[in-house]
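Down below is the structure, laid out as structure tokens.
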Amino acid sequence: MKLLTANRLSDGRVVYLGEADAAVDAIEAARVLDAETAETALASALARPALFVNPYLIEVEGRAPSGRDRLKERIRSAGPTVGHSLKAASRSEFA
């Protein structure tokens with residue numbers, strides 16, 4: 001099974017293809033695709049560059065990334081990795 005993922009043009013955030021071909025922010029809301037449907041969905045997303053930037057398919061088990069790039073995709077699905085440590089550092093250093 002597969003999910004379609006990309007980045008959103010407006011803010012660069014990770015998005016997934018959800019129901020009704022909508023972009024959704026959470027991997028839990030992504031539509032799980034079989035091999036045939038996945039290729040059709042990818043072609044559709046490639047035709048919508050104003051919404052899906054660099055779309056591609058990832059292997060999943062349920063909705064958890066699997067396969068070769070599973071670590072990268074788990075990190076992407078958790079949200080931005082920058083900013084979290086900066087907030088904590090700025091509070092303690094400048095307080």
Side-chain angles (χ1 to χ4, degrees):
M1 302 309 283
K2 299 177 186 257
L3 298 181
L4 185 137
T5 186
N7 291 89
R8 186 173 30 226
L9 180 61
S10 63
D11 60 9
R13 298 279 185 160
V14 174
V15 293
Y16 300 92
L17 182 69
E19 295 302 320
D21 292 337
V24 296
D25 294 332
I27 196 168
E28 294 82 14
R31 189 172 78 197
V32 179
L33 309 163
D34 62 28
E36 185 178 318
T37 307
E39 293 302 323
T40 303
L42 180 58
S44 176
L46 285 166
R48 298 168 63 194
L51 182 58
F52 295 104
V53 176
N54 193 26
Y56 61 95
L57 300 169
I58 60 172
E59 294 287 330
V60 292
E61 290 178 13
R63 283 196 170 79
S66 63
R68 185 181 62 150
D69 294 326
R70 69 184 173 277
L71 179 59
K72 176 186 105 171
E73 295 306 331
R74 285 185 180 148
I75 292 168
R76 287 182 83 236
S77 71
T81 58
V82 296
H84 302 295
S85 60
L86 297 175
K87 290 178 187 175
S90 66
R91 278 186 258 141
S92 63
E93 291 178 358
F94 302 110

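Here the OG1 atom belonging to Thr5 is positioned 9.5 Å from the CZ atom belonging to Phe52, to the nearest 0.5 angstrom. Rounding to the nearest 0.5 Å places CG of Asn54 at 12.0 Å from CG of Leu9. If you take CZ on Arg31 and CZ on Arg63, they are separated by 11.0 Å, rounding to the nearest 0.5 Å.
By the criterion of side-chain heavy atoms lying less than 4.5 angstrom apart, applied directly or through intervening Ile, Leu, Val, Met, Phe, Trp or Tyr residues, Leu17 is not grouped with Ile27; the two fall into different hydrophobic clusters. Leu51 and Leu3 end up in different hydrophobic clusters when Ile, Leu, Val, Met, Phe, Trp and Tyr side chains are linked at under 4.5 Å. No path of Ile, Leu, Val, Met, Phe, Trp and Tyr side chains, each step under 4.5 Å between heavy atoms, connects Val53 with Tyr56, placing them in separate hydrophobic clusters. There is no path of hydrophobic side-chain contacts, each under 4.5 Å, that joins Leu42 to Tyr16. Val24 and Val15 are assigned to two separate hydrophobic clusters, defined by single-linkage of ILVMFWY side chains at heavy-atom distances under 4.5 Å.
Here the closest non-hydrogen pair linking Leu4 and Pro55 is CD2-CB, 4.1 Å. Contact record, Ala41 with Leu33: CB-CD1, 3.9 Å, taken as the closest heavy-atom pair. Nearest heavy atoms, Arg70 versus Pro65: CB-O, 3.5 Å.
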Derivation of the side chain to side chain contact (heavy atoms under 4.5 Å, CB included) call for Glu59 and Met1: CA-CA 6 Å; Glu59 294 287 330; Met1 302 309 283; over 6 Å; no
Stepwise side chain to side chain contact (heavy atoms under 4.5 Å, CB included) test for Asp69 and Ile58: CA-CA 8 Å; Asp69 294 326; Ile58 60 172; over 6 Å; no
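Heavy atoms of other residues, nucleotides or ligands lying less than 6.0 angstrom from CZ of Arg13 number 12 at most.
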